[in-house]
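In what follows, a structure is listed as structure tokens, so that the remarks can point back to it.
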Amino acid sequence: MLLTNCHIATMAGPAPYGALSDAALWIKEGRVQWLGDAGEVPEAARSGPKTDLGGRWVTPGLIDCHTHLIFGGNRAQEFELRLTGASYEEIARAGGGILSTLTATRKASEAELLQAALIRLDAMLAEGVTTVEIKSGYGLDRETELRMLRAARQIPDHRDVDVQVTYLAAHAIPPEFAGQGDAYLDQVVLPLMAEAAGLGLIDTVDGFCENIAFSAVQMRRVFEAAKALGLPVKLHAEQLSHQGGTALAAEFGALSVDHLEYATAADAQAMAQAGSVAVLLPGAFYTLRETQLPPLQAFRAAGVDMALATDCNPGSSPLCSLLLTMNMGATLFQLTPEEALAAVTRNAARALGLSDRGVIAPGQRADLAVWDITQPRELAYRIGFNPLYKRIKNGVL
């Protein structure tokens with residue numbers, strides 16, 4: 001397929017947005033074969049099917065690199081409680097938060113979890129998402145965690161999207177192990193990780209390093225087990241306080257460190273040396289009405305790539321819009337529109353360890369989004385408006 005009469009934000013190269021004006025793009029066998037000036041289309045591309053895009057903009061397909069898309073129930077009641085002044089930590093310690101979703105998720109069948117996730121996913125696909133990461137972590141027992149992982153693996157059978165599945169049993173301590181975090185790691189998290197990896201259900205391993213979840217010492221055990229299985233790691237860290245999770249993640253060469261509101265300049269330096277991406281989650285920041293901003297200038301100064309993600313979950317970020325996430329990243333965290341677009345394309349791919357997408361270049365997957373816009377900056381500018389014209393997955397319009 002030859003795409004003609006378009007402008008392309010390649011997200012690569014020295015020009016802002018890597019922009020090519022009055023361009024064309026040739027797709028062959030699901031990959032970008034050629035792109036460039038419309039007057040220089042290769043002869044081999046001229047004889048196949050053509051699609052005139054009417055002067056629209058083409059970007060890489062969007063990538064949501066941090067979601068909890070599979071869960072049971074909702075937490076609208078806690079949303080109401082927070083509006084009366086209760087904090088995230090107070091709700092969690094009272095049995096709410098992650099643990100309330102645990103109850104609903106354990107009751108849900110695999111089919112029910114899958115169907116509910118597909119509804120949320122459809123909202124993302126309608127905004128040009130072509131790759132999504134999905135975590136477990138709301139079962140916190142063997143049967144439910146495996147059910148969540150299997151449901152996540154089934155999604156590409158029902159929708160044209162790539163899914164990276166992340167094992168997050170180290171998300172919280174379940175009530176049956178209250179006060180026994182190490183026992184939970186020994187009896188559930190570590191043996192289940194090996195079992196799920198053996199079944200081919202895991203791409204990456206994650207955890208929640210926080211004073212209401214697991215310490216850096218405990219997360220080290222999880223990461224060591226992941227390393228022994230050959231699984232890359234990432235970490236929820238420094239969201240509510242500074243617990244040293246970022247330094248630990250950097251030590252293990254984590255693909256990403258996520259949240260990071262309480263990270264320091266030293267953490268940024270450690271991430272830069274490790275090549276870890278900073279995944280910023282403005283939906284949680286907004287929903288929890290936080291005031292501690294992630295250290296954006298420290299990340300920029302250290303050369304840390306920054307990604308944005310919805311953090312779609314039932315409690316702290318009931319958000320399914322990556323376009324709104326871009327606007328929040330710009331408005332709340334002061335990312336530039338170009339940084340925001342890079343954060344959901346090029347840098348989001350890096351946060352998942354994927355090198356075959358996120359930019360538009362020869363040899364890359366033809367995962368693309370076509371937009372009814374006049375400039376790429378409009379994608380971060382608008383609020384509650386979806387200008388997607390077409391989504392292209394593996395070269396299929």
Side-chain angles (χ1 to χ4, degrees), residues 64-73 75 97-118 120-121 131-157 161-177 181 184-185 187-210 213-214 218-219 221-223 225-226 229 231-236 254-256 258-259 279 281 309-317 351-352:
D64 198 340
C65 64
H66 181 132
T67 85
H68 304 256
L69 202 64
I70 293 178
F71 56 84
R75 277 151 56 187
I98 292 169
L99 299 183
S100 67
T101 297
L102 175 148
T103 302
T105 304
R106 286 182 175 180
K107 290 179 180 178
S109 69
E110 188 172 315
E112 289 169 335
L113 291 172
L114 175 61
Q115 184 57 39
L118 289 175
R120 293 184 277 269
L121 177 66
T131 298
V132 63
E133 184 258 17
I134 302 176
K135 305 177 191 294
S136 69
Y138 288 128
L140 309 186
D141 63 16
R142 177 182 177 275
E143 293 76 14
T144 316
E145 287 290 306
L146 287 175
R147 201 154 66 238
M148 294 183 71
L149 294 169
R150 287 194 299 264
R153 275 285 189 246
Q154 289 180 50
I155 282 179
D157 296 333
V161 66
D162 289 330
V163 174
Q164 187 175 81
V165 181
T166 297
Y167 179 69
L168 182 58
H171 196 194
I173 300 170
E176 60 268 29
F177 284 93
Y184 172 61
L185 294 181
Q187 296 177 38
V188 178
V189 175
L190 301 181
L192 181 56
M193 183 196 303
E195 180 182 359
L199 293 170
L201 295 176
I202 304 174
D203 298 311
T204 54
V205 172
D206 198 348
F208 189 18
C209 185
E210 191 51 74
F214 297 93
Q218 290 170 321
M219 282 310 310
R221 297 181 58 205
V222 175
F223 282 2
L229 292 168
L231 293 168
V233 299
K234 56 184 67 179
L235 188 64
H236 293 58
L255 292 174
S256 71
D258 303 28
H259 285 293
V279 178
L281 305 170
T310 61
D311 191 18
C312 175
N313 74 70
S316 63
S317 188
L352 297 180

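Because only heavy atoms are used, hydrogens play no part in the values below, and waters and symmetry mates are left out as well, while side chains stay in. For reference, positions follow the sequence shown, starting with 1.
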Does the side chain of L352 come within less than 4.5 Å of K234's, by heavy atoms?
yes
Residues which pass ring-ring contact (aromatic ring centres under 6.0 Å, His included) with F71, listed by chain and number, not counting sequence neighbours
none
Using every non-hydrogen atom in the two residues, find where L102 and G139 come nearest and quote the distance to one decimal.
CD1-O, 3.6 Å
Inter-residue atom distance K135.NZ - D311.CG, 0.5 Å rounding
8.0 Å
Polar contact flag, side-chain donor to acceptor under 3.5 angstrom, T67-E133:
no
Give, for atom CZ of R75 and atom OG of S100, the distance between the pair rounded to the nearest 0.5 Å.
4.5 Å
Under a 4.5 Å cut-off applied to non-hydrogen side-chain atoms, are L235 and F223 in contact?
yes
State, to 0.1 Å, how close A151 and L114 come at their nearest heavy-atom pair, and which atoms those are.
O-CD1, 3.6 Å
Please tell me whether H236 and D258 have a donor and an acceptor in their side chains that are separated by less than 3.5 angstrom.
no
May I ask you to decide if L192's main-chain N or O and E195's side chain share a donor-acceptor pair within less than 3.5 Å?
no
Side chain to side chain, L140 and F177, heavy atoms closer than 4.5 Å:
no
If I compare all heavy atoms of I173 with all of G181, which pair ends up nearest, and what's the gap?
CD1-CA, 3.7 Å
Nearest-0.5 Å distance, CG of residue L118 to CD of residue Q154:
9.0 Å
May I ask you to test the R120-C312 pair for a side-chain heavy-atom distance under 4.5 Å?
yes
H66 vs H259 aromatic rings, parallel, tilted or perpendicular, using cut-offs 30° and 60°?
perpendicular
N/O donor-acceptor pair under 3.5 Å between Y167 side chain and V189 backbone:
yes
Please determine whether salt bridge (Lys or Arg N to Asp or Glu O under 4.0 Å) holds for the pair R106 and D141, giving the CA-CA distance in whole Å, both sets of side-chain angles, and the decisive distance to 0.1 Å.
CA-CA 9 Å; R106 286 182 175 180; D141 63 16; 3.2 Å; yes
Where do Y184 and A169 come nearest, in terms of heavy atoms and distance?
OH-O, 2.7 Å
Rounded to the nearest 0.5 Å, the CG atom of D206 sits from the OG atom of S136 at a distance of 9.0 Å
Do the side chains of L201 and V165 get nearer than 4.5 Å, heavy atoms only?
no
Between D64 (side chain) and T310 (backbone), is there a donor-acceptor pair under 3.5 Å?
yes
Could you measure the distance from the CD atom of E145 to the NE2 atom of H171? Nearest 0.5 Å is fine.
9.5 Å
Checking Q164 side chain against D203 main chain: does a donor-acceptor pair fall under 3.5 Å?
no
Counting N and O atoms only, with roles assigned by atom type, does the side chain of S317 sit under 3.5 Å from a partner on the main chain of N313, one being a donor and the other an acceptor?
no
Enter the distance from L113:CG to L149:CG here, rounded to the nearest 0.5 Å.
11.0 Å
Show, in sequence, the C-alpha distance, side-chain angles and deciding distance for R150 and E110, and conclude whether the salt bridge (Lys or Arg N to Asp or Glu O under 4.0 Å) test is met.
CA-CA 8 Å; R150 287 194 299 264; E110 188 172 315; 2.8 Å; yes
Keeping R153 on the side-chain end and M148 on the backbone end, is there a donor-acceptor pair under 3.5 Å?
no
State, yes or no, whether a side-chain contact exists between P232 and V205 at a heavy-atom distance under 4.5 Å.
no
Polar contact flag, side-chain donor to acceptor under 3.5 angstrom, T166-T204:
yes
For the side chain of D157 and the backbone of I155, is there at least one donor-acceptor N/O pair under 3.5 Å apart?
no
